[in-house]
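Worksheet for the structure shown next.
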Amino acid sequence: MTLFNLALRNMKRNFKNYSIYFFSMIFSIVIYYAFAAIKFNSQIQQAADSSKKISGALTFASILLILFSALFIIYSNGFFTRKRKKEVGLYSLLGVRKRQIAKMLAYENLFMGLIALVVGIGIGALLSSGFTKLLLVLMDSEMGVHFEIPAAAVLNTALVFFVIILYTSFQGYRLIYRFKLIDLFKADSQGEKVPRGSLVIALLSVIMIGSGYYLAYDFAQAAKKLNVRLDSLALIILFLTVAGTWLLFHFFTVILLRIRRKNKNSFYNGMNLVSTSQLLYRIKGNATTLATIAILSAVTLVAVGTSVSLYFNVGKQTEMIYPYSYTYEVTSPEVNKKVDQALNEFKGDHPVEKDLTIKTLQVKGGAHDEDKKINVSKKLDDKNKPTIIAFSEFKKWAHAFGRNVEPKLGIGEAIKYDPNASLSKKLGFEEKQKTFSLVAGKETVNLKIIKSEEYSLKNNFTIDAVVVPDQIYQKALQANPAQKETEIRLINVKDQNSSKELTAAIDKATNGEDENYYNPYRSGMEDMGIMIFVGTFVGLVFLIATGSIIYFKQLSEANADKAKYDILRKVGVTPKEMKKGIGKQIAFIFVAPLIVGILHSIFALNTATLIFEVSDKLPLVMSMVAYVLIYVGYYFLTVRSYCNIVRKSV
């Protein structure tokens with residue numbers, strides 16, 4: 001029998017054990033190829049704006065996939081090399097040369113990898129147009145696509161995964177040279193010791209994670225109390241949770257299992273003795289894997305949850321900066337006529353709901369702390385002049401757009417527009433009392449700012465806007481005759497999300513001087529569509545890979561435990577009792593990192609939703625539920641495979 005035939009025979013014989021590894025690798029290749037196919041799609045490349053956004057996002061995602069797929073394939077391959085050590089030792093004992101054994105192992109891995117590569121690219125090619133259409137749907141794009149297989153995508157995918165497969169094949173080749181013959185036969189009989197637990201370090205891990213949670217929950221106030229920047233606080237939280245998670249699985253789990261072992265009533269009940277002992281003896285070898293999976297689960301949930309929430313809140317996010325369908329400064333009656341013509345032309349699809357023109361005035365002035373005096377000789381802000389609006393004009397605006405305002409405004413008072421007022425309140429920032437000073441001729445008028453709100457008088461309004469008493473407004477207008485009033489027209493239409501043609505018509509009527517809602521909304525949908533597409537599929541790869549890692553680890557332990565379960569059968573343990581004990585043992589391995597990962601993600605998402613001002617929590621909950629369901633599927637698959645392996649021994 002040739003080495004080639006022997007390699008093929010071994011592949012067929014071990015395919016059941018390799019199947020999850022094989023299909024997980026295919027899934028990674030399919031997703032990577034799908035990203036590459038979209039990136040190199042000729043139709044998308046012709047759309048210049050979309051192409052740049054998509055290409056950048058997919059390049060970043062591809063790099064993540066390469067790194068994670070490489071680690072996953074190398075890590076998973078390591079489990080199987082341990083399982084094959086005894087078989088390799090037997091070949092050597094029968095007189096097969098080391099070089100021939102090494103070649104056979106390399107051929108096996110290379111053949112399986114190449115089959116996975118061909119199948120993955122084939123499936124990816126069939127699904128690529130579907131992936132592209134899905135991306136365009138998420139981007140709310142009307143662009144059509146036809147089926148194509150970009151040669152660049154095929155070559156790119158083949159090259160990346162061939163290099164990874166070649167490396168793992170080289171690992172298999174080196175197996176026979178890395179171990180002595182006696183080590184190969186004793187691979188599954190290495191002595192295991194009960195790990196030493198440290199109560200102090202275990203408590204420290206809980207304190208570190210708890211501190212990270214507290215800082216994340218009370219993010220802004222914690223930054224103020226600690227007197228650190230928000231980005232510095234984020235790094236502190238990251239360190240506390242990551243380091244705390246590592247210590248938790250290395251020390252706290254040991255203490256937890258020791259306590260469980262001391263509970264005699266529970267420990268000697270059924271198969272608890274076996275499952276608890278198995279976990280305790282092997283927790284040291286599993287701790288790093290479990291901590292890594294917990295952190296990866298948290299990262300995946302945060303990335304997917306945030307991207308899904310932002311996607312479903314694009315309209316709300318856009319309305320915060322662009323609260324009107326259209327706004328523009330009225331420079332002449334002709335401009336209004338052209339805009340009216342455009343509105344009339346599309347009134348069937350987009351009837352006007354609100355239409356108001358308000359008068360404002362730019363003045364030399366600025367807001368400052370109440371306890372600071374303004375030196376007029378050094379001048380108030382003369383470059384970015386703030387805008388003022390009379391209180392009567394402001395009430396007219398508030399009535400038209402359904403906003404509640406102060407019933408009256410004192411002669412020495414003012415209301416300031418602050419685009420971040422809502423966020424500042426949520427974050428708990430307390431502003432000092434402010435005074436607004438403006439120059440009216442030779443006089444400087446000081447007004448106490450009694451309120452800061454998100455009263456946007458124009459789309460994309462970034463400069464200061466201050467509501468002042470009518471008398472002060474008239475005084476500033478009369479004292480600065482060279483400064484003319486500005487008329488701003490505010491228009492809201494129905495179904496503004498689909499007002500492409502109307503927006504183009506108004507843009508033409510105003511010579512591009514308008515600020516509209518539609519274009520930023522479309523841009524936001526494109527950005528968030530790309531984000532949710534990349535985040536979801538990269539998250540799926542992470543999830544399937546981490547689930548597979550646990551699966552491989554448990555299968556490796558199942559093969560090592562065959563003799564132990566054979567003894568249990570001989571002393572009268574039934575298959576049902578064995579399955580129950582195995583289920584409890586594996587449940588701990590799956591549930592522990594999942595719970596920790598979900599807790600991490602809940603507190604991280606709490607801060608993210610606060611910063612991004614996302615109020616709809618349903619997409620976050622849906623993401624977590626989907627994640628848990630996939631993990632539960634892996635749990636049942638692992639229990640079934642573990643039981644099948646140990647049953648063969650009995």
### Message
Is a donor from one side chain sitting under 3.5 angstrom from an acceptor on the other, for Gln317 and Tyr521?
### Response
no
### Summary
Taken to the nearest 0.5 Å, the spacing of Leu540 CG from Tyr627 OH works out to 10.0 Å
### Query
Looking at side-chain heavy atoms only, is the closest gap between Val352 and Ile491 below 4.5 Å?
yes
### Message
By the salt bridge (Lys or Arg N to Asp or Glu O under 4.0 Å) test, which pairs, at least two apart or in different chains, include something from residues 320-330?
### Response
Glu329-Lys458
### Message
Under a 3.5 Å cutoff, is there a donor and acceptor pairing between the side chains of Asn446 and Thr435?
### Response
no
### Aromatic centroids of Tyr217 and Tyr213 separated by under 6.0 Å
no
### Query
Which distance, rounded to the nearest 0.5 Å, do you find between the CE of Met624 and the CG of Leu594?
10.5 Å
### Query
Do Tyr517 and Asn460 meet the criterion of a side-chain donor-acceptor pair at a distance under 3.5 Å?
no
## Note on the structure
CD (Gln341) and CG (Leu343) are apart, to the nearest 0.5 Å, by 10.0 Å
### Message
Contact between Ile472 and Pro469 at the side-chain level, heavy atoms closer than 4.5 Å - yes or no?
### Response
yes
### Task
Measure the NE2-CG distance between His600 and Leu238 for me, rounded to the nearest 0.5 Å.
10.0 Å
### For the student: nearest non-hydrogen atoms of Ser392 and Asp470, plus distance
OG-OD2, 2.7 Å
### Message
If the threshold is 4.0 Å, N to carboxylate O, is there a salt bridge linking Lys475 and Glu443?
### Response
yes
## Note on the structure
Closest non-hydrogen contact found for Phe603 with Ala216 is O-CB, 3.9 Å
### Message
What I'd like to find out is whether the side chain of Thr387 reaches to under 4.5 Å of the side chain of Leu361, using heavy atoms alone.
### Response
no
### Message
Just verifying a value: how many Å separate Arg403 CZ and Phe394 CZ, rounded to the nearest 0.5 Å?
### Response
7.5 Å
### Query
So do the side chains of Tyr328 and Val339 get within less than 4.5 Å of each other, counting heavy atoms only?
yes
### Task
Specify the closest pair of heavy atoms between Val30 and Leu127, including all atoms of both residues, with the distance to one decimal.
CG1-CD1, 4.4 Å
### Query
Can you check side chain to side chain contact (heavy atoms under 4.5 Å, CB included) on Tyr32 and Ile66, steps first, answer last?
CA-CA 8 Å; Tyr32 183 86; Ile66 290 170; 3.5 Å; yes
### Of Thr327, Asp514, Asp355, Thr510, the residue whose pairing with Arg489 passes side chain to side chain donor-acceptor pair (under 3.5 Å)
Asp355
### Task
Quick one: do Tyr518 and Glu501 satisfy side chain to side chain contact (heavy atoms under 4.5 Å, CB included)? Show the steps, please.
CA-CA 10 Å; Tyr518 177 78; Glu501 293 81 5; over 6 Å; no
### Task
Over all heavy atoms of both residues, which pair between Val534 and Ala61 is shortest? Give the atoms and the distance, please.
CG1-CB, 3.3 Å
### Query
Under 3.5 Å, side chain of His350 to main-chain N/O of Asp495, donor-acceptor pair present?
yes
### Message
Is the distance between the ring centroids of Phe131 and Phe537 under 6.0 Å?
### Response
yes
### Task
Apply side chain to side chain contact (heavy atoms under 4.5 Å, CB included) to the pair Ile388 and Thr360, showing each step before the final yes or no.
CA-CA 6 Å; Ile388 62 171; Thr360 64; over 6 Å; no
### Query
Should Ile488 and Thr486 count as side-chain neighbours, where that means a heavy-atom distance under 4.5 Å?
yes
### Task
Give a yes or no on whether the ring-centroid distance for Phe533 and Tyr311 is below 6.0 angstrom.
no
#### Entry: Between Tyr324 and Phe401, ring centroids under 6.0 Å
yes
### Message
Once rounded to the nearest 0.5 Å, what's the spacing between atom CD of Glu515 and atom OG of Ser325?
### Response
13.5 Å
### Task
Take Thr357 and Glu487 through the test side-chain hydrogen bond (donor to acceptor under 3.5 Å, both in side chains) and record every step on the way to the result.
CA-CA 6 Å; Thr357 301; Glu487 290 188 347; 5.8 Å; no
### Message
I'd like to know if the side chain of Ser601 and the backbone of Ile598 have a donor-acceptor N/O pair within less than 3.5 Å.
### Response
yes
### Task
Please examine the side chains of Ile532 and Val304, heavy atoms only from C-beta on, and report whether any two atoms are closer than 4.5 Å.
no
## Note on the structure
Shortest non-hydrogen pair, Gly365 vs Pro386, comes out as O-CD, 3.4 Å
### Message
Within the structure provided, determine whether Thr245 and Val596 are in side-chain contact (heavy-atom separation under 4.5 Å).
### Response
yes
#### Entry: Under the salt bridge (Lys or Arg N to Asp or Glu O under 4.0 Å) test, residues paired with Glu393 that sit two or more places apart
Lys396
### Message
Please determine whether the number of non-hydrogen atoms from other residues, nucleotides or ligands lying under 6.0 Å from atom NZ of Lys354 exceeds 12.
### Response
yes
#### Entry: 4.5 Å side-chain heavy-atom contact, Val538 and Phe35
yes
### Task
Looking only at non-hydrogen atoms, find the nearest pair between Phe346 and Ala505 and report the distance.
CE1-CB, 4.0 Å
### Query
Side chain of Ser523, backbone of Asn519: donor and acceptor closer than 3.5 Å?
no
### Message
Testing Thr503, Asn459, Asn516, Asn492 one by one against Tyr326 for a side chain to side chain donor-acceptor pair (under 3.5 Å), which residue passes?
### Response
Thr503
### Message
One pair to check against side chain to side chain contact (heavy atoms under 4.5 Å, CB included): Lys364 and Leu438. What are the steps and the verdict?
### Response
CA-CA 6 Å; Lys364 183 190 289 186; Leu438 64 90; over 6 Å; no
